[in-house]
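Worksheet: one structure, shown below.
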Number of protein chains: 2
Amino acid sequence: MTSKISSTKYSISDLSKEFDITTRSIRFYEDQGLVSPSRKGQTRIYNQRDKVRLKLILRGKRLGFSLAETGRLFELYDVDKTSAKQLNSIMELINNKKNDLKQQLEDINAVLIELNDLEVNCQETLKALENK
Amino acid sequence: MTSKISSTKYSISDLSKEFDITTRSIRFYEDQGLVSPSRKGQTRIYNQRDKVRLKLILRGKRLGFSLAETGRLFELYDVDKTSAKQLNSIMELINNKKNDLKQQLEDINAVLIELNDLEVNCQETLKALENK
DNA sequence: TAGGAAGTTTACGTTAACGTAAAGGTTGCT
DNA sequence: AGCAACCTTTACGTTAACGTAAACTTCCTA
């Protein structure tokens, strides 16, 4: 039973097209230790895990995370969780991030409200122009 | 009736302390046209409007806005809204920003859920360690 | 077999957002 | 008068996240 695990392999250009980023960027993320594709000869081969990570990297960027920050989030899943000390410091990190994000939620809601006001204002001005 | 408008004047170091940023940053924001303090001799004098703008600049940064983007948002409030063409292009800009922010809201909620999962996971592992 | 497409490494260039240092002006003590 | 605490301008330095170009290999195919 030769099972099919081969469908989850991607070339660098596959991923660059799928995520609409340059191959340069993908190689740079590797330099920074955020993805670690295997090799066939010289050529990089990406798997499902790498693909997910790319997605998370891009999500992080949309949130204004640096690559280093995203990397630290990745590590949270891999860190050795056998010691209570480790666990507590991880949980502290998690809580810091959560607080940052809650602040961001507030910020975003504030800006959305302002933009809505502005939009309404524009619509009214536009209507006034038409009815003249 | 000499009214008191003088309480809304700040020096550069006042603001740098209040917002916990360097004076260098504040001067840089001026270079970029985001604040425009008046002068008494050489010395910069900031008013309430400048202070509000600084607050908005920092909020923008927390959301990952570039200074240029924040500047464009400022302009939205000042632009002359006399032409329908202007108005429509402004509203397009507003909508683009709104879409970005909605995407960010989704992203943040996703990350918050993941962090919560991770936290619960940590708590359980910790409990298991204690009950051993 | 010649060329084109996709891959690689190496390395210098670029932009944003400041940091940092030098050199100097003004004000207020003491 | 002196100096400490501010302020100023000018200008070069720095980091992150790539862009861009050169020079080369490997594979496919017309």
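Lettering follows sequence order; numbering is per chain, from 1. All values below come from the heavy atoms of this structure, side chains included, with hydrogens, waters and symmetry mates left out.
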*asked:* If the threshold is 4.0 Å, N to carboxylate O, is there a salt bridge linking B:Arg53 and B:Asp50?
replied: no

*Roughly, in whole Å, what's the span from CD in B:Glu30 to C1' in D:dT8?*
11 Å

_Heavy atoms only, 4.0 Å cut-off, all strands: where does A:Ser11 land among base, sugar-phosphate and nothing?_
sugar-phosphate

*With a 3.5 Å cut-off and no angle check, do the side chains of B:Gln48 and B:Tyr10 form a donor-acceptor pair?*
yes

_Residue-level proximity of residues 42-55 of chain A to DNA chain C when a heavy atom falls under 4.0 Å_ = A:Gln42, A:Thr43, A:Arg44

*Is B:Gln104 reaching over with its side chain to a backbone N or O of B:Leu63, donor-acceptor style, under 3.5 angstrom?*
yes

*Check whether any side-chain N or O of A:Asn121 sits under 3.5 Å from a backbone N or O of A:Asp117 as a donor-acceptor pair, and report yes or no.*
no

_Protein-to-nucleotide contact annotation, 5' to 3' order, nucleotides 16-23 of chain D [B base; S sugar-phosphate only; - none; under 4.0 Å, heavy atom]_ = -BBBB---

*Roughly how many Å is it from NZ in B:Lys40 to C1' in D:dC6, rounded to a whole number?*
13 Å

*Judged by modelled atom types alone, do B:Ser13 and B:Ser16 share a side-chain donor-acceptor pair under 3.5 Å?*
no

*Taking atom P of D:dA5 as reference, at what distance in whole Å does atom CG of B:Asp14 sit?*
17 Å

*Is it true that the side chains of B:Asp107 and B:Gln103 contain a donor and an acceptor less than 3.5 Å apart?*
yes

*To the nearest Å, give me how far apart CD1 (B:Ile12) and P (C:dT26) are.*
18 Å

*Do B:Glu114 and A:Lys98 sit within salt-bridge range, that is, some charged N less than 4.0 Å from a carboxylate O?*
no

*Take atom CZ of A:Arg39 and atom P of C:dT8, then tell me their distance rounded to the nearest Å.*
6 Å

*Sidechain N-carboxylate O distance under 4.0 Å for A:Arg39, A:Glu30*: yes

*Could you tell me the separation between the CZ atom of A:Arg27 and the P atom of C:dA6, rounded to a whole number of Å?*
13 Å

